[in-house]
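Throughout, numbering of the chain's residues begins at 1 and tracks the sequence.
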Amino acid sequence: MAYQRDYRKEYDERSDKQKKRTAARKRARRFMEREGRVRKNDGKEVDHKDHNAENNSPSNLRVVSKETNRKKQPKRS
């Protein structure tokens, strides 16, 4: 039998800060979808230029490829 993930449990174990940042990233994606700059399954991501997921001002958002977005991430300690 294959292992089945318990997504509800994983979500409940997240900190409030993680939940808030995730919600902010999703808001940015939905905003860009409404603007017509990205679509579902287009392989593009919404990038926050200042690395702050909670700053969803239009001047801070841009559309980039998945590869570009992964390369530009700051090093985490």
Side-chain angles (χ1 to χ4, degrees):
M1 186 165 111
Y3 172 75
Q4 296 226 337
R5 289 178 67 176
D6 186 354
Y7 291 100
R8 180 79 248 171
K9 181 181 174 193
E10 289 179 24
Y11 179 79
D12 290 340
E13 290 175 351
R14 289 183 187 172
S15 69
D16 288 338
K17 185 177 179 179
Q18 284 176 309
K19 290 176 185 177
K20 185 177 179 182
R21 288 177 59 85
T22 299
R25 285 192 301 272
K26 288 180 180 180
R27 273 194 305 277
R29 176 77 188 191
R30 287 193 303 265
F31 170 75
M32 294 298 257
E33 286 176 355
R34 283 193 306 271
E35 293 287 312
R37 298 189 53 196
V38 294
R39 290 188 308 254
K40 288 185 180 183
N41 302 318
D42 64 359
K44 300 294 183 181
E45 293 188 351
V46 176
D47 176 43
H48 292 83
K49 294 177 187 176
D50 66 358
H51 307 288
N52 179 2
E54 296 174 20
N55 179 3
N56 286 333
S57 66
S59 63
N60 187 46
L61 300 176
R62 67 179 180 169
V63 178
V64 296
S65 68
K66 185 176 185 177
E67 295 79 19
T68 302
N69 203 27
R70 296 300 186 276
K71 286 179 188 175
K72 113 176 217 338
Q73 295 303 314
K75 299 290 184 199
R76 295 183 182 153
S77 53

Checklist entry - Is Arg8 close to Asp12 at the side-chain level, that is, under 4.5 Å between some pair of heavy atoms? => result yes
Next on the checklist: Are there over 12 heavy-atom neighbours, none belonging to Lys19, within less than 6.0 Å of that residue's NZ?
Outcome noted: yes
Next on the checklist: Can you give me the closest heavy-atom contact between Ala24 and Glu54, atom names plus distance?
Outcome noted: CB-CA, 3.9 Å
Next on the checklist: Phe31: which residues meet the side chain to side chain contact (heavy atoms under 4.5 Å, CB included) condition with it, sequence neighbours left out?
Outcome noted: Arg34, Glu35, Pro58, Leu61
Checklist entry - Partners of Ser15 by side chain to side chain contact (heavy atoms under 4.5 Å, CB included), sequence neighbours excluded? => result Lys17, Gln18
Checklist outcome for this item: Paired with Arg62, the side-chain hydrogen bond (donor to acceptor under 3.5 Å, both in side chains) test is passed by just one of Asp47, Thr68, Asn69, namely Asp47
Checklist entry - For the salt bridge (Lys or Arg N to Asp or Glu O under 4.0 Å) test, which of Arg29, Arg70, Lys66 pairs with Glu45? => result Arg70
Checklist entry - Crowded around Lys49 NZ? As in, over 12 foreign heavy atoms under 6.0 Å? => result yes
Next on the checklist: According to side chain to side chain contact (heavy atoms under 4.5 Å, CB included), who are the partners of Asp50, at least two apart in sequence or on a separate chain?
Outcome noted: His48, Asn52, Asn55, Asn60
Item to check | Gap separating the NZ atom of Lys20 from the CG atom of Asp16, nearest 0.5 angstrom | outcome: 10.0 Å
